[in-house]
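These notes are about the structure you will find just below.
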Amino acid sequence: MKRFLPLLVSAFLLAGAPARPVHVRYDRTLAPRMVPLLVQAIRFPTVAGNAKAWADQKAWLEHLAQGLGFTVRDAGKVLEVDLPASGPGAAEAPALGLLVHGDVQPPGDHWTAPPFEGTVRKGRVFGRGAADDKGPMVQALLAMKALKEAGPARTHTLRLLVGSDEESGSTDITDYLKTNPPPAFSLVLDSGFPVVVGEKSWNALTVEAAGSSSPTAERPWSVEALDAGLAPSIVPDHASVRLVSTAGKASLLALKARLEQKRIDPGCRLHLELALAGDAKALVVTVTGKAAHGGLNLEGGRNALVALARLLEGELPPGGPDDLLAFARLAGRDLTGTGLGLTEADPLWGRFAVNVAMVKPGKEGRLVLTINLRATPRLQGAALETALREVVARFAAERHTTLTAGGFFGDSVLAFDPEGALVRRLLGAYARATGTKAGPVISGGGTYAKRLPRAIAFGMWFPGKPYPGHDVDEQIPIADLHRGVHVLIEALVDLACGAPLKEPFQK
Ligand SMILES: [Zn+2]
């Protein structure tokens, strides 16, 4: 505990007076439970499709929350954990929602710590979900417990909502709202501090091509397989292509020698594997990079697909695979969409965030390239789709080929008044708990705030370091877990124990 002493002092000095006993209670009796609980949570591999892991985690959560003295209700895809209002008029008190999700992204490969163990190393907890979003789930439970034990009377019922498919279908909140009213207002603990007043829109452009290629005299090999990436929201950390010779092994050896001489994008690595035995003489070209969250930490990734596409420029025979890699080069020219003509910058929102994410097999032997675009209010929805379809059509015409554009453009940006009452209160809580004054931010990642009415993203990642969610070796500093609880306590004492806000999102 010694290492947290400076933090404790600052929390005491700066905290609002009614919050002080709550901070003290957390530090003295609840902080030691943080890491063990997070480790337990990480051990449920709650990736999409693992129903057993979800059921096990839900049973664990129910047991834990009841043990902490909360009321638990199974609301289908969402688990509700309530700390009821306590003062006079408690029966009619509004609910203040806290939203987290208990599911996680698939881990991918190349971890140095097992993704579902919860390894504690160098003052950090490693594991899938450590930051996104099981850390905040445990932080919320412990902040609520501290408030219950040492806080003032509550004018609001605190309602923690734990969703189950945020990372995949994202149907949980929509389903929940069919039979449950939303809280009066909610904080989504699944993004960054201090408070997120704008979330870019999530779009996916797909470009489909024939999977076949036509070997030529200069390039006597066919593309038998092309595969890259894991999911639209993750920077691809692997991309590979299998080339089968149609003219013996000499040409493949020459190609291999040529590729070995080429420069590869910084942070990426090239692996060449020759298979000369048997009839099919093949060369497998694999590039590895670094995975990262496509919306929150795009710069932290190293895109293996774009690197492979650049490496193979001029080396593939004509056909769909070559066309798709050429388009990947265009879209991946930078991370802001310059190659796609998305050059307009907004003063508050900045530019697009573009992740050339995947190439996967489509129907009937075709190949599909998927590009994830986080859009600003300047261009989104149908207008964005039209613009991108034109880019694809022009590109295909120039190459005398046929490409089919499609994708998803149904999301829109979420924007709040940066001067709104709730935003200002949250910024105040952040400043008191951390000693740092900061302004609101824009996020490239979408959260539940888009699905639940009157919800805004608040934490729990601290600014100034790359967000590790969706990344290999996802991790969170233990000091930040505690610091985040202190910020949340400060906000909850203010908002859940104060007079209800009439219009939280207006000035
Ligand atoms: Zn998340």
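Positions are given from 1 along the sequence. First listed ligand is number 1; within each ligand, the first listed atom is number 1.
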Inset, instruction - Determine, stepwise, if the pair Lys134 / Thr46 fulfils side-chain hydrogen bond (donor to acceptor under 3.5 Å, both in side chains). - result: CA-CA 10 Å; Lys134 294 184 178 185; Thr46 49; 3.0 Å; yes
Legend entry - Residue that, paired with Arg128, satisfies side-chain hydrogen bond (donor to acceptor under 3.5 Å, both in side chains) out of Glu474, Gln105, His470, Glu117: Glu474
Inset, instruction - Kindly check if the number of other-residue, nucleotide or ligand heavy atoms within 6.0 Å of CZ (Arg269) is above 12? - result: no
Legend entry - Lys437 atom NZ: more than 12 heavy-atom contacts under 6.0 Å: no
Legend entry - Under-2.8 Å protein N/O/S neighbours of the Zn ion (ligand 1), ordered by chain then residue number: His101 NE2, Asp132 OD1, Asp190 OD1, Asp190 OD2
Inset, instruction - For Arg389 and Ala405, indicate whether the former's side chain and the latter's backbone hold a donor-acceptor pair under 3.5 Å. - result: yes
Legend entry - Parallel, tilted or perpendicular: rings of Phe44 and Trp60 (30°, 60°): tilted
